[in-house]
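What you are looking at is a predicted structure, and each value in this text was computed from that prediction instead of being measured.
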Amino acid sequence: MGTARTSRTPLPGIGVRYDLTTREHRRLSVVAHRDGARTLSAYREDDPDACALSVQLTGGEAEAIARTLMPTHQSPSLLSTTELGLVAERISLSSVSHWNGRLLGDTRMRTETGVSIVAVLRRADAIPSPGPGFRLAGGDTLIVIGTREGVDAAAEILGRE
């Protein structure tokens, strides 16, 4: 019996494509778009290059499918933010953002909202745990974790133009 094979392909300006070939030689792919959306595709059995199904998913829909495929009861060490009253979200900076070119510490994000910025996505790179001296740029996507109210307040602050 074969095992599943996976591969990862960067798609500049779009995101990343993840391909899976199952033990039955069926091919699936997921394109993780930079805006959080996902495209799930399944390919024909008789022609693995011909797409039989392609579904556009929002970030929330993709998360729902992932939770269904990997129920938390199978992973007791997995932190479930909903059980703790926390949310994790992506907040994008526009090219005309007030924060474009400024230091992360200038936002006073943790002091003002209580949220933690756990990563910044810039183009095809991820910068984990950026410090207060990290310089923000228009087009950055900040991954924030906090209460619903804190994340909403963070989005408001980061949305300044």
Under 3.5 Å donor-acceptor pairs involving side-chain atoms of residues 154-161, not counting sequence neighbours:
unit_1	atom_1	unit_2	atom_2	d
R160	NH2	H98	NE2	3.2

Return all side-chain donor-acceptor pairs below 3.5 angstrom for residues 117-137, not counting sequence neighbours, or 'none' if the list is empty.
unit_1	atom_1	unit_2	atom_2	d
R122	NE	D140	OD1	2.7
R122	NH2	R135	O	2.8
R122	NH2	D140	OD1	3.4
R122	NH2	D140	OD2	2.7
R135	NH1	G101	O	2.6

Name each donor-acceptor pair under 3.5 Å that joins a side chain in residues 27-34 to protein atoms two or more places apart or in another chain, with its distance.
unit_1	atom_1	unit_2	atom_2	d
R27	NH1	P48	O	2.5
S29	OG	Y43	OH	3.2
H33	NE2	T39	OG1	2.8

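Contact record, R38 with R90: NH2-NH2, 3.8 Å, taken as the closest heavy-atom pair. Residue H25 comes nearest to T21 through the heavy atom pair CA-CG2, 3.9 Å, listed as atom of the first residue, atom of the second, then distance.
Residues forming a salt bridge (charged side-chain N to carboxylate O under 4.0 Å, His left out) with R148 (at least two apart in sequence, or on another chain): E89, D152. For S41, the side chain to side chain donor-acceptor pair (under 3.5 Å) partners are S54, not counting sequence neighbours. Residues satisfying the salt bridge (charged side-chain N to carboxylate O under 4.0 Å, His left out) criterion with E149, sequence neighbours excluded, are absent altogether. The side chain to side chain donor-acceptor pair (under 3.5 Å) test applied to T107 returns no partner, not counting sequence neighbours. Remark: R17 pairs with D19 by the salt bridge (charged side-chain N to carboxylate O under 4.0 Å, His left out) rule, at least two apart or across chains. The side chain to side chain donor-acceptor pair (under 3.5 Å) test applied to R110 returns S116, not counting sequence neighbours. Residues that satisfy the side chain to side chain donor-acceptor pair (under 3.5 Å) test with D49, not counting sequence neighbours, are absent from this structure.
Considering OG1 of T141 and CG of D35, their distance stands at 8.5 Å, rounded to 0.5 Å.
The list of salt bridge (charged side-chain N to carboxylate O under 4.0 Å, His left out) pairs with a residue in residues 93-102, not counting sequence neighbours, is empty.
Tested against V115 for a side chain to side chain contact (heavy atoms under 4.5 Å, CB included), the candidates T147, I91, V151 yield a single pass: V151.
Using a 4.5 Å heavy-atom cutoff, the side chains of L57 and V55 are in contact.
Summarising the local packing, CD of E45 is surrounded by 12 or fewer heavy atoms from other residues, nucleotides or ligands at distances under 6.0 Å.
In this structure, Y18 shares a hydrophobic cluster with V16, the cluster being traced through Ile, Leu, Val, Met, Phe, Trp and Tyr side chains under 4.5 angstrom apart.
Within the 3.5 Å criterion, the main-chain N or O of M109 finds no donor-acceptor partner in the side chain of E112.
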